[in-house]
Amino acid sequence: MFPAASLLTIFLLALSIVASPVEIRDSPITLPIARRLNVFDGTTNFLQYDKARVAALKDGRQISGTSVTNEVTSYIAAVGVGSPPTTYNLIVDTGSSNTWVGAGTAYVKTSTSVNTGQPVAVGYGSGSFSGTEYTDTVTLGSGLTITKQSIGVASTASGFTGVDGILGIGPVDLTEGTLTNSPTATIPTVTDNLDSQGTISQKVVSVFFGPTTSQTITNGELTFGGTDAAKYTGDIGYTPSTTTSPASTYWGIDQSITYGSTTILSSTAGIVDTGTTLLYIATDAYTKYQSETGATVDGTTGLLLVSSAQYSALKNLNFNIGSNTYSLTPNAQIWPRSLNTNLGGSSTAIYLIVTDIGTNSGTGFDFINGYTFLERFYSVFDTTNSRVGFATTSYTDATTN
């Protein structure tokens, strides 16, 4: 996600990077992370920013310059590059896989910097960069160093004010075509190199963060190589990565959705993405959800709006994934009311976080479980076994919104 040029509300979380193939119970290595939320004044629509990314994802990440609209939120990790390292604040993104720097802080060459001479370019729908691919030493935390990691060094970047680039932790195939002179080549990701260099023994990335309703809170963790049992409850339920295109290009899964006992989306393919703010579902499912909840579209924010009485009557929104069901409670289906004014909305309104993906189901890209879903569940992205896992957390049934 890509923060706006001004008026950013900063939410501090912690990012833990753990090098282990199994569940980790000891204190993980941590990095500070800043969650940034754009502030809207009502003259621009909150929803259009998030939808810029959605459109690019549905189109298969067009590798070209695009019109730039800074998006709604981002999660920022401090990553060292070079020896001695320069620290760059990078967006943590499961929906893209190129790691690159130079949007803000200029790239500093050191003895470990190697210019490959390969031009690189990526368009994200809500931002883009172009430059040259290098290899360099990347430090994710004390004792967690990757040598000869491929990184892009931006000569031009748009849509990334306030950050230095991206730490891409999506599937490696998303890098195909980003080296403009080698259109069929892929670029090893950070996770690939942690595995190939023996730092981790499984290509697994796990994500935890809880609902955020205040300006300063520390409650997030990213784990490489395994899972952190202290961050979830019960067991992790796994489902195979979808084989349906185009969702299969990303961290794609199959799921169905019910509102209460009413099916609003039959089993279909979509993606899981920390970089998308809201929960997007196919137009036919969205229409059913709106009808079931009685919500109306708010003219200022573009989000669905419910009254207090309608909120009291909301039912669970159930995601049937594999053999497990993960339920968003009524409170989990609404935007944090303490942050309504950040969207340019009314402080007393109740906005829903479910919105329209823009096409009817059956396209192979019928939902995006964004961070408003993921902040209620622990998530595991397992390349080794081609699967995605979820578990409940202490925040699953929280009433913080």
Side-chain angles (χ1 to χ4, degrees), residues 1 11-36 73-81 87-99 138-146 149 151 163-172 174 189-195 199-212 217-232 236 250-251 272-277 369-384 388-391 393-395:
M1 309 281 303
F11 299 85
L12 297 179
L13 297 93
L15 172 67
S16 300
I17 299 179
V18 182
S20 172
V22 295
E23 291 185 350
I24 307 302
R25 298 181 182 274
D26 297 327
S27 298
I29 302 168
T30 61
L31 291 174
I33 217 177
R35 176 189 169 199
R36 305 188 181 193
T73 62
S74 55
Y75 290 85
I76 311 300
V79 176
V81 178
T87 299
Y88 300 91
N89 293 317
L90 304 184
I91 297 166
V92 177
D93 189 9
T94 62
S96 67
S97 301
N98 291 74
T99 292
V138 172
T139 303
L140 298 173
S142 177
L144 193 56
T145 298
I146 309 166
Q149 172 64 46
I151 60 168
V163 298
D164 299 317
I166 286 180
L167 177 67
I169 54 175
V172 68
L174 291 176
T189 66
V190 167
T191 310
D192 288 336
N193 281 332
L194 284 170
D195 176 68
T199 307
I200 59 176
S201 60
Q202 295 185 82
K203 294 183 186 178
V204 175
V205 182
S206 303
V207 179
F208 165 83
F209 45 80
T212 307
I217 187 169
T218 301
N219 68 343
E221 179 179 295
L222 179 67
T223 304
F224 284 100
T227 60
D228 183 350
K231 297 301 182 184
Y232 61 88
I236 297 173
Y250 304 91
W251 285 112
V272 183
D273 181 30
T274 61
T276 298
T277 303
N369 293 356
Y371 90 74
T372 45
F373 171 87
L374 293 173
E375 66 186 0
R376 298 290 179 147
F377 302 102
Y378 192 83
S379 54
V380 184
F381 304 89
D382 185 348
T383 301
T384 297
V388 178
F390 301 98
T393 76
S394 59
Y395 291 106

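The basis for the numbers below is simple: all heavy atoms, side chains too, and nothing from hydrogens, waters or symmetry mates.
- If you check the side chains of Thr274 and Thr94, you find a donor sitting under 3.5 Å from an acceptor.
- Closest heavy-atom contact between Ser97 and Pro171: OG-O, 2.5 Å.
- For the pair Asn98 and Ile166, the tightest heavy-atom approach, listed with the atom from each and the gap, is O-CG2, 3.6 Å.
- Taking the side chain to side chain donor-acceptor pair (under 3.5 Å) definition, one finds that Asp195 meets it with nothing, sequence neighbours left out.
- Side-chain atoms of Val92 and Ile169, non-hydrogen and from C-beta on, do get closer than 4.5 Å to each other.
- Within the 4.5 Å cutoff, the side chain of Leu374 has heavy atoms near those of the Phe209 side chain.
- Side chains of Val388 and Asp382 form no contact here, defined as non-hydrogen atoms less than 4.5 Å apart.
- Interatomic distance, Leu90 CG to Asp164 CG, rounded to the nearest 0.5 Å: 6.5 Å.
- Once rounded to the nearest 0.5 Å, the distance linking OG1 of Thr393 with CD of Glu375 reads 9.5 Å.
- Residues Ile146 and Leu194 come closest through the heavy atom pair CG1-CD2, 3.6 Å.
- When Val207, Asn369, Thr227 are each tested for a side chain to side chain contact (heavy atoms under 4.5 Å, CB included) with Ser379, only one passes: Val207.
- Using a 4.5 Å heavy-atom threshold, the side chains of Leu174 and Tyr250 count as touching.
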Next item on the list: Output, in order, the C-alpha distance, side-chain angles, deciding distance and verdict of side chain to side chain contact (heavy atoms under 4.5 Å, CB included) for Tyr371 and Thr276.
Entry: CA-CA 6 Å; Tyr371 90 74; Thr276 298; over 6 Å; no
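- Using a 4.5 Å heavy-atom cutoff, the side chains of Val380 and Val204 are in contact.
- Across all their heavy atoms, Gly168 and Thr99 have their closest contact at N-OG1, 3.2 Å.
- The shortest side-chain heavy-atom distance between Val138 and Tyr88 does not fall under the 4.5 Å cut-off.
- Listed here is the closest heavy atom pair of Thr199 and Thr145: OG1-O, 4.4 Å.
- Judged as a ring-ring contact (aromatic ring centres under 6.0 Å, His included), and not counting sequence neighbours, the contacts of Tyr378 are Tyr232.
- Taking the side chain as every heavy atom from C-beta outward, Phe373 and Val272 never approach each other to under 4.5 Å.
- Ala78 and Thr87 get closest at one heavy-atom pair: CB-CG2, 3.7 Å.
- In this pair, Phe208 and Tyr395 present their aromatic rings tilted. The plane angle is within the 30 to 60° band.
- A salt bridge links Lys203 to Asp192: at least one charged side-chain nitrogen sits closer than 4.0 Å to a carboxylate oxygen.
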